[in-house]
Amino acid sequence: MKLQYKIGTIAVALLAMTTSCDMHDPFEDIMEVGQALPTVSWELSGTVANAGDSVAFLGKYYTDPDHLVDHSEVWALVSQTESGEATLKLSAVLAYTKTFGSSDTIRANQCIAKYPHSKAEWDGYEYILNAKFPTSQTLKALSWGNTSNWEGDKFNSYFPANFQQEFVETVIGYLTTDAYYTDLRYVYVNYAFSPEQFAGAAAKHSELDAAVLESMVLEESGDKSDAWYTNTEKVVARYYKTIDSEGNTVYNEVGLDYENPDVNLYDVYESSAWVFCRYDDDQGKILTTVRPEYMPYFKDLISLIPFQDWVYNSAEKQYAVSYSREYKMGVTFKVVDTVGNVGYTTDVMEVSLN
């Protein structure tokens with residue numbers, strides 16, 4: 001009969017060992033060299049179960065004639081997997097989704113069920129145990145998100161503490177670059193900024209033309225769309241490029257009557273005071289950006305938008321956030337003989353809990 005042998009060196013620990021279901025496995029380090037262990041295998045009825053239900057299994061084991069089996073056990077450790085994401089919806093072009101995920105062992109390997117040897121039946125070759133082991137109802141899988149009402153308490157309990165701040169900072173970082181001019185304009189036109197928010201941002205920028213800032217304080221999207229405009233049919237100025245001491249391109253605007261044979265002049269088109277609409281010879285097309293002196297103002301303005309408004313899907317009328325939590329049990333079948341020798345399954349068996 002084929003036997004497994006456990007190699008160990010601490011024989012005296014056998015005197016202190018019991019066969020009870022303890023929190024931590026006592027068998028790993030206390031077997032003598034040459035001890036005969038029960039040979040063990042098993043089959044699960046399934047690898048998915050509802051939390052709180054029992055899982056049926058078929059245990060199989062045998063040992064040599066010189067040893068008697070005392071009982072068998074099922075041991076389990078529990079791992080938890082979390083994941084969540086939020087997607088920017090207050091945008092025209094920019095697509096951005098922030099995610100997080102983690103996986104941890106939340107319950108150490110411990111005995112969850114114990115079966116007397118008398119429950120097993122001999123089939124002529126080995127003992128057969130038809131039994132079940134329990135699962136915990138507290139390990140029920142959780143799914144939340146895409147809600148029509150903002151549930152801040154749930155979001156805060158499910159997502160990392162710095163998730164909202166990092167999301168908003170990343171979005172603002174994108175929108176305050178020239179590459180996402182269209183999105184910044186979209187946010188200004190479509191978001192319902194209050195007069196107090198406009199005033200709060202303007203108060204930080206006394207260096208800017210107060211009349212221009214006041215002209216931005218509009219509540220209807222149609223009005224704001226008219227305020228933020230370009231007219232490429234009308235050339236209002238010229239500009240030429242130079243390079244400063246740090247290697248940056250400088251756009252030097254001049255009047256229509258400016259003449260200088262040493263520089264190449266390009267057209268500047270009519271637009272809102274904070275918009276720089278121009279023909280760019282390097283790219284061979286008209287480019288539109290926010291003037292650098294006004295960008296800090298827009299950064300402060302959009303920084304007043306709360307996180308939940310960035311992720312609100314106005315078309316679906318729900319918030320584009322989702323979270324899930326799942327649990328798995330890593331289970332092992334063990335057989336203990338009357339002198340404390342332990343045989344166990346070495347293949348990895350997992351049960352996912354719904």
Side-chain angles (χ1 to χ4, degrees), residues 86-97 146-150 167-237 253 267-280 285-321:
T87 299
L88 174 67
K89 291 300 180 181
L90 185 60
S91 64
V93 178
L94 175 61
Y96 174 67
T97 297
N146 297 313
T147 61
S148 57
N149 296 313
W150 179 246
F167 181 98
V168 172
E169 287 178 350
T170 299
V171 169
I172 292 174
Y174 281 126
L175 297 185
T176 52
T177 61
D178 290 346
Y180 291 100
Y181 165 85
T182 300
D183 280 281
L184 181 59
R185 182 185 185 279
Y186 180 90
V187 171
Y188 167 78
V189 171
N190 291 278
Y191 186 74
F193 290 103
S194 67
E196 291 75 19
Q197 287 175 315
F198 280 115
K204 298 181 180 180
H205 298 281
S206 59
E207 76 282 3
L208 299 176
D209 188 326
V212 172
L213 297 183
E214 182 62 30
S215 70
M216 297 182 188
V217 185
L218 301 168
E219 296 185 11
E220 297 295 330
S221 62
D223 294 338
K224 288 191 284 186
S225 179
D226 292 338
W228 191 311
Y229 74 95
T230 60
N231 178 12
T232 57
E233 300 296 320
K234 184 176 181 180
V235 177
V236 296
E253 291 186 66
D267 292 338
V268 177
Y269 303 101
E270 183 181 38
S271 63
S272 306
W274 56 89
V275 175
F276 187 26
C277 183
R278 66 195 185 277
Y279 179 81
D280 188 277
K285 62 180 182 180
I286 295 173
L287 297 181
T288 307
T289 60
V290 171
R291 292 183 178 277
E293 62 269 28
Y294 281 92
M295 189 62 86
Y297 165 82
F298 283 105
K299 181 176 182 179
D300 288 333
L301 181 64
I302 65 176
S303 295
L304 299 174
I305 300 174
F307 167 79
Q308 60 266 31
D309 290 350
W310 287 111
V311 299
Y312 183 68
N313 187 332
S314 57
E316 301 291 335
K317 299 188 183 304
Q318 61 184 17
Y319 295 91
V321 294

Evaluate the ring planes of Phe298 and Trp228, with Trp represented by its six-membered ring, and classify them as parallel (under 30°), tilted (30 to 60°) or perpendicular (over 60°).
tilted
Is any side-chain heavy atom of Val212 less than 4.5 Å from a side-chain heavy atom of Tyr294?
yes
Under 3.5 Å donor-acceptor, Ser91 side chain and Val93 backbone
no
Residue pair Tyr181 / Phe276, side-chain heavy-atom distance below 4.5 Å:
no
Report yes if some heavy atom in the side chain of Met295 is under 4.5 Å from a heavy atom in the side chain of Leu184; otherwise report no.
yes
Test Tyr174 against Asp183 for side-chain hydrogen bond (donor to acceptor under 3.5 Å, both in side chains), laying out the working first.
CA-CA 9 Å; Tyr174 281 126; Asp183 280 281; over 6 Å; no
Angle between ring planes, Tyr96 versus Phe167, binned at 30° and 60°: parallel, tilted or perpendicular?
tilted
Decide if the gap between the ring center of Tyr279 and the ring center of Tyr269 is smaller than 6.0 angstrom.
no
Can you name the closest pair of heavy atoms from Phe307 and Ala86 and give their distance?
CZ-CB, 3.9 Å
Identify the heavy atoms of Asp309 and Ile305 that sit nearest to each other, and give their distance.
CB-CG2, 3.7 Å
Please report the closest heavy-atom contact between Tyr188 and Leu218, naming both atoms and the distance.
OH-CD1, 4.5 Å
Side chain of Lys224, backbone of Tyr191: donor and acceptor closer than 3.5 Å?
yes
Can you confirm whether Arg185 sits close enough to Ser225 that some side-chain heavy atom of one is under 4.5 Å from a side-chain heavy atom of the other?
yes
For Tyr312, give me all partners under side-chain contact (heavy atoms from CB on, under 4.5 Å), at least two apart in sequence or on another chain.
Ser314, Lys317, Tyr319
Flag the pair Ile302 / Phe193 as yes when at least one side-chain heavy-atom distance between them is below 4.5 Å, and no otherwise.
yes
Under a 3.5 Å threshold, yes or no: a donor from one side chain and an acceptor from the other, between Ser271 and Thr230?
no
Listing request: all side chain to side chain donor-acceptor pair (under 3.5 Å) pairs with a residue in residues 209-222, at least two apart in sequence or in separate chains.
none
Do you know the tightest heavy-atom contact between Glu207 and Lys204?
OE1-O, 4.1 Å
What is the minimum heavy-atom distance between Thr176 and Gly173, and which atoms define it?
OG1-O, 3.5 Å
